[in-house]
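All ligand and atom numbering here is 1-based and tracks the order in the structure. Each residue takes its place number in the sequence, starting with 1.
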Amino acid sequence: MFDAIGKCRPGCGACCIAPSISSPIPGMPDGKPAGVRCVQLDDANLCRLFGDPRRPEVCRRFDYDADLCGANRDQALTRIAALEIAT
Ligand code: SF4
Ligand code: SF4
């Protein structure tokens with residue numbers, strides 16, 4: 001039953017690609033535009049700054065959200081992009 005709630009899929013990385021991030025990221029001093037892959041996202045789609053104090057606050061706060069993350073990476077990319085347009 002708790003499986004229905006779900007949790008972050010390591011290696012998904014959609015929330016590090018689809019949204020714009022206005023805070024500076026090491027290697028991206030002006031933040032990142034929507035739809036652009038964060039330079040800190042490694043080849044396995046994991047954050048290189050996990051546990052690092054330089055990781056932006058907004059990334060630390062972002063948590064799995066079943067409505068946003070959907071059932072797979074493509075859904076997450078589409079839904080986060082749609083939210084980006086709506087805000
Ligand atoms: S979009 Fe959701 S499932 Fe994918 S990495 Fe981000 S929090 Fe995890
Ligand atoms: S800093 Fe890490 S968590 Fe934040 S967008 Fe980049 S890869 Fe994702």
Side-chain angles (χ1 to χ4, degrees):
M1 185 177 182
F2 286 107
D3 285 351
I5 296 167
K7 55 180 166 50
C8 176
R9 298 176 293 272
C12 164
C15 55
C16 305
I17 298 169
S20 62
I21 293 180
S22 55
S23 34
I25 302 165
M28 297 180 116
D30 299 321
K32 83 168 203 65
V36 172
R37 188 180 172 88
C38 178
V39 293
Q40 298 296 340
L41 193 61
D42 70 12
D43 292 343
N45 286 331
L46 298 172
C47 177
R48 291 189 178 94
L49 296 179
F50 199 80
D52 185 314
R54 294 174 302 162
R55 191 177 188 223
E57 168 81 25
V58 63
C59 303
R60 282 199 294 268
R61 280 205 313 259
F62 190 90
D63 202 2
Y64 175 89
D65 178 332
D67 288 340
L68 215 46
C69 300
N72 55 53
R73 184 169 189 267
D74 284 345
Q75 276 187 6
L77 284 169
T78 308
R79 292 181 187 191
I80 297 170
L83 181 81
E84 187 76 25
I85 290 161
T87 50

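Taking backbone and side chain together, Cys12 holds no N, O or S atom under 2.8 Å from atom 8 (Fe) of ligand 1. Not one N, O or S atom of Cys38 sits under 2.8 Å from atom 4 (Fe) of ligand 2.
The nearest heavy-atom contact from the protein to atom 1 (S) of ligand 1 is Cys15 N, 3.6 Å. The protein heavy atom nearest to atom 2 (Fe) of ligand 2 is Cys47 SG, 2.3 Å. For atom 5 (S) of ligand 2, the closest non-hydrogen atom of the protein is Ile21 CD1, 3.5 Å. Closest protein heavy atom to atom 8 (Fe) of ligand 1: Cys8 SG, 2.4 Å. Given atom 3 (S) of ligand 1, the protein heavy atom at minimum distance is Arg9 N, 3.4 Å.
In the vicinity of Ala14, heavy-atom distances shorter than 4.0 Å reach the ligand 1 atoms 1 (S). Within the listing of ligand 1, atoms 7 (S) sit less than 4.0 angstrom from a heavy atom of Phe62. Less than 4.0 angstrom separates some heavy atom of Cys59 from each of these atoms of ligand 2: 1 (S), 3 (S), 4 (Fe), 5 (S). Short contacts between ligand 1 and Cys69, defined as distances under 4.0 Å to a heavy atom of the residue, involve ligand atoms 1 (S), 2 (Fe), 3 (S), 7 (S). Taking a cut-off of under 4.0 Å to the non-hydrogen atoms of Cys16, the atoms of ligand 2 that pass are 3 (S), 5 (S), 7 (S), 8 (Fe). The ligand atoms of ligand 2 that sit less than 4.0 angstrom from a heavy atom of Arg55 are 3 (S).
Proximity of a side-chain donor or acceptor of Arg37 to a complementary backbone N or O of Gly13 within less than 3.5 Å is not detected.
Pro26 has its side chain within reach of Leu49: a pair of non-hydrogen atoms, C-beta onward, lies under 4.5 Å apart. Counting only heavy atoms from C-beta outward, the side chains of Glu57 and Ser23 never approach each other to under 4.5 Å.
Cys47 SG to Leu41 CG: the interatomic distance, rounded to the nearest 0.5 Å, is 7.5 Å. With rounding to the nearest 0.5 Å, the separation of OG in Ser22 from NZ in Lys32 is 11.0 Å. Atom CZ of Arg79 sits about 8.0 Å away from atom CG of Leu68, to the nearest 0.5 Å. For the atom pair Cys16 SG and Asp42 CG, the distance stands at 10.0 Å (nearest 0.5 Å).
Of the heavy atoms in Lys32, none comes closer than 4.0 Å to ligand 2. Residue-level proximity to ligand 2 for Pro56 is carried by the side chain, the only part with a heavy atom below 4.0 angstrom.
A pairwise comparison of heavy atoms in Arg73 and Ile17 identifies NH2-CD1, 3.1 Å as the closest pair. Across all non-hydrogen atoms, the minimal contact from Gln40 to Ile25 is CG-CG2, 3.7 Å.
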Q. Would Ile80 and Cys15 satisfy side-chain contact (heavy atoms from CB on, under 4.5 Å), going step by step from the backbone distance to the final call?
A. CA-CA 7 Å; Ile80 297 170; Cys15 55; 4.0 Å; yes
